[in-house]
Amino acid sequence: MRALLLGPWLRAARGLPRAPGSGHRHRGHGGHRPQGPLRQKVSVEVLDHLEHLALVDFRDAEGVERLQKAIQFADQLHEVNTNGVEPMDSVLEDRCLYLREDDVTEGNCTKELLENAREKVEEYFVAPPGNIPLPKLEERETFLQGSQ
Amino acid sequence: AGRGRRRASGLTGVVVRPHSSRSAHLAPWVPVVGLEIHAQISSNSKLFSGSQVQFAAPPNSLVSFFDASLPGTLPVLNRRCVEAAVMTGLALNCSINKKSLFDRKHYFYADLPAGYQITQQRVPIAVNGSLSYSLCIDNKMSQMVTKTVRIKQIQLEQDSGKSLHDDTRSQTLVDLNRAGVGLMEVVMEPDMCCGEEAAAAVRELQLILQTLGSSQAVMAEGQLRVDANVSVHHPGEPYGVRTEVKNINSMRFLAKAIDYEIQRQIEELENGGTILNETRAFDSKLGCTVPMRDKEGQQDYRFMPEPNLPPLILYDAKSLPANMNHQQVINIDWIHERLPDLPSVKRKKLVEQYGILPEHSFTLLNEDGLAEFFESVVKQTQMKPKKVIGWILKDLLSYLKQHSLTVKESPVSSFLLADLLNLLEKKEISSTAAKQVLAELWKGEGKTPLEIVKEQKLELLQDQKELEQICQAVIDGHENEVMAIKAGNPKVLNKLIGLVQKKTQGRSNPVLVKQLLEKKLSG
């Protein structure tokens with residue numbers, strides 16, 4: 001995945017190197033410090049933690065490299081000086097939050113809801129007992145096992 | 001546990017003496033207790049969807065597509081839930097945030113179909129309040145001390161569904177009826193020091209919520225759930241590692257669970273062990289706390305702003321927008337003006353209006369409907385409130401408790417009790433007779449007090465002559481006692497009074513009997 005060029009307005013402010021792939025050398029930052037890891041490899045511990053949290057599977061070296069590139073791409077955000085600027089949650093944050101009246105208008109569709117369930121017992125959904133935690137790194141078959 | 005000696009100090013909180021015998025010079029322990037209380041909002045429909053809120057309905061019958069987290073559904077905020085949270089915040093002396101935000105808290109569990117809970121982590125709806133509660137010192141109702149706990153914040157959030165664990169078939173059955181019901185999470189700072197204080201604070205919060213109507217707060221129906229954060233440390237040292245105690249589902253177990261955990265931590269530390277920052281569940285059968293299996297390791301909730309909900313904006317009289325639809329505007333001042341009298345105010349009014357003791361007002365408010373019953377009786381009788389309260393708290397309440405009845409279920413109505421007390425007040429019966437009548441009324445056979453009095457011949461003897469004759473007879477028949485009284489032992493008079501009472505089958509006024517006897521004996 002190639003990193004996106006963020007355009008002249010960034011370069012003008014910062015004096016960035018032209019080719020993004022040549023690595024970050026943060027010169028001429030003014031008072032702004034980068035907050036994320038600089039071109040660091042994402043550690044196996046972090047990858048393992050992510051696999052536990054989000055139940056993703058990085059599968060192979062290419063998957064991990066894709067993650068690295070994604071982080072690197074996002075890190076470019078640190079180049080922007082955000083001192084004194086309120087974070088924005090969404091472009092809709094100035095809209096009015098609609099308030100609904102407290103009336104019962106939905107529900108009573110047990111049959112429909114259970115249609116998608118693979119297993120059901122007397123109108124209950126069936127799930128495994130509690131959370132089945134991902135086995136520890138040493139104990140599971142994952143690409144990450146081989147990494148240092 | 002229980003080997004240590006506990007000295008409760010009303011001013012500085014509980015300090016627990018060390019347990020082991022060789023610990024004469026060991027520093028004492030200071031327990032610290034904070035609470036996270038989840039109160040289900042009393043509303044017709046859920047926080048972000050229009051499905052009904054109801055306890056004990058057929059499984060998955062009160063679930064909308066949004067509650068089941070089906071794709072393409074969006075949250076729509078319920079106005080009533082916001083009002084409930086504002087009322088509660090105001091009642092707890094909080095600052096209401098005119099702008100609050102919604103966030104997603106991510107974790108995996110079968111009863112959380114979306115994989116996240118919508119809550120208010122960054123900016124909740126209310127912050128920085130306080131709650132005052134009272135405790136009896138040394139279990140005596142006569143000595144009450146008032147304490148305060150700071151309220152860190154109140155936030156709106158979704159409830160999860162319910163999991164029923166079927167261990168025999170190694171599966172969990174999931175009912176989403178509760179998923180999405182509105183909750184107010186009330187966070188109390190660690191200003192408490194023992195189970196008793198925590199229980200008293202929760203009880204007062206429960207009364208406030210019920211008075212406001214923002215939550216019915218019935219613990220048995222899961223409408224009020226309490227998690228306790230417990231740690232211990234030596235005075236002057238930093239706070240110890242805290243554990244979270246969950247699965248406390250009654251007021252009784254709340255104090256027990258907290259006190260057990262305090263003792264467990266002290267014993268662990270005194271034996272050279274360490275406390276893990278873990279979540280523990282209270283096992284009510286064994287009376288102890290055990291580590292919770294599913295909560296191993298630190299949780300990482302990956303909080304993020306809820307992208308489908310813009311900020312919640314509240315207004316007051318000053319900031320009210322001119323041209324906005326009323327239904328879309330929540331005015332904090334309007335809600336403030338309409339808050340009902342809180343329990344603490346009600347108690348004060350009862351004490352001032354009726355001259356009863358503060359501890360009486362606590363008992364009156366502690367039983368649902370008892371204060372109203374008391375006031376109703378007072379209205380219908382000439383007996384002074386200070387005397388009526390005795391009948392309410394000692395006689396009526398103990399009957400109710402013995403038979404596990406609520407005030408509403410009382411076979412003796414306020415009308416009947418007032419009727420009975422009027423007979424007593426007019427001196428038509430003695431107080432002993434009145435108790436007998438009450439026992440009869442309790443059977444609920446529909447008789448009036450007067451009918452019972454006539455039936456059992458409990459009327460006080462009005463014939464002075466007859467009474468005098470009986471007194472004389474008793475005096476004549478008990479020379480020894482008479483001599484003792486004349487010799488200067490007045491207490492023996494009580495025996496004679498008792499004998500007269502027996503002869504008259506309780507139908508004599510003891511005060512009058514005493515007067516008559518004294519008159520005869522002085523001659």
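- For chain A, the option among B:Asn325, B:Val76, B:Asn177 with the highest count of heavy-atom pairs below 4.5 Å is B:Val76.
- Of the listed residues B:Lys46, B:Glu306, B:Met304, B:Arg79, the one with more heavy-atom pairs under 4.5 angstrom with chain A than any other is B:Arg79.
- Your options are B:Ala110, B:Ser61, B:Gly161, B:Pro307, and the one with the most heavy-atom pairs under 4.5 Å with chain A is B:Ser61.
- Geometrically, B:Lys105 engages B:Tyr301 in a cation-pi contact, judged by NZ or CZ lying under 6.0 Å from the ring centre and within 45° of the ring axis.
- B:Val53 does not touch chain A: none of its heavy atoms, backbone or side chain, sits under 4.5 Å away.
- With a threshold of 4.5 angstrom between heavy atoms, B:Phe48 approaches chain A through N, CA, C or O but not through any side-chain atom.
- Contact annotation for B:Ile41: neither backbone nor side-chain heavy atoms come within less than 4.5 Å of a heavy atom of chain A.
- Heavy atoms of B:Pro305 lying under 4.5 Å from chain A belong exclusively to its side chain.
- Heavy-atom distances place the backbone of A:Asp103, and not its side chain, under 4.5 Å from chain B.
- Heavy-atom pairs under 4.5 Å with chain A peak, among B:Leu173, B:Leu62, B:Leu176, B:Asp111, at B:Leu173.
- Ion pairing between A:Arg95 and A:Glu93 fails under the 4.0 Å rule for side-chain N and carboxylate O.
- Interface remark: A:Glu122 contributes backbone atoms only to the contact with chain B (heavy atom separation under 4.5 Å).
- At a cut-off of 3.5 Å, with distance as the only test, no side-chain donor of B:Glu157 or B:Gln120 sits close to an acceptor on the other residue.
- A side-chain donor from one of B:Ser49 and B:Asp67 sits under 3.5 Å from a side-chain acceptor of the other.
- B:His106 and B:Tyr116 have tilted rings, their planes meeting at an angle from 30° to 60° on a 0 to 90° scale.
- For chain A, no part of B:Arg169 is nearby; none of its heavy atoms comes within less than 4.5 Å.
- Note on A:Lys69 versus A:Glu65: salt bridge recorded, some NZ/NE/NH1/NH2 to OD/OE distance being below 4.0 Å.
- Side chains of B:Ser45 and A:Arg100: a donor-acceptor N/O pair is present below 3.5 angstrom, by distance only.
- Under the 4.0 Å criterion applied to side-chain N and carboxylate O atoms, B:Arg302 and B:Asp103 are not assigned as salt-bridge partners.
- Of the two parts of B:Met324, only the side chain, counted from C-beta on, holds a non-hydrogen atom closer than 4.5 Å to a non-hydrogen atom of chain A.
- Within the 4.5 angstrom heavy-atom criterion, atoms from both the backbone and the side chain of B:Ser170 approach chain A.
- Looking at B:Ile313, neither its backbone nor its side chain comes within 4.5 Å of chain A, counting heavy atoms on both sides.
- For the residue pair B:Asp166/B:Thr168, the side-chain donor-acceptor check at 3.5 Å is satisfied.
- Of all the listed residues (A:Leu99, A:Asn116, A:Asp102, A:Leu113), the one sharing the greatest number of non-hydrogen pairs under 4.5 Å with chain B is A:Asp102.
- Ion pairing between a basic and an acidic side chain is recognised when a charged N comes within 4.0 Å of a carboxylate O; B:Lys162 and B:Asp175 show no such pairing.
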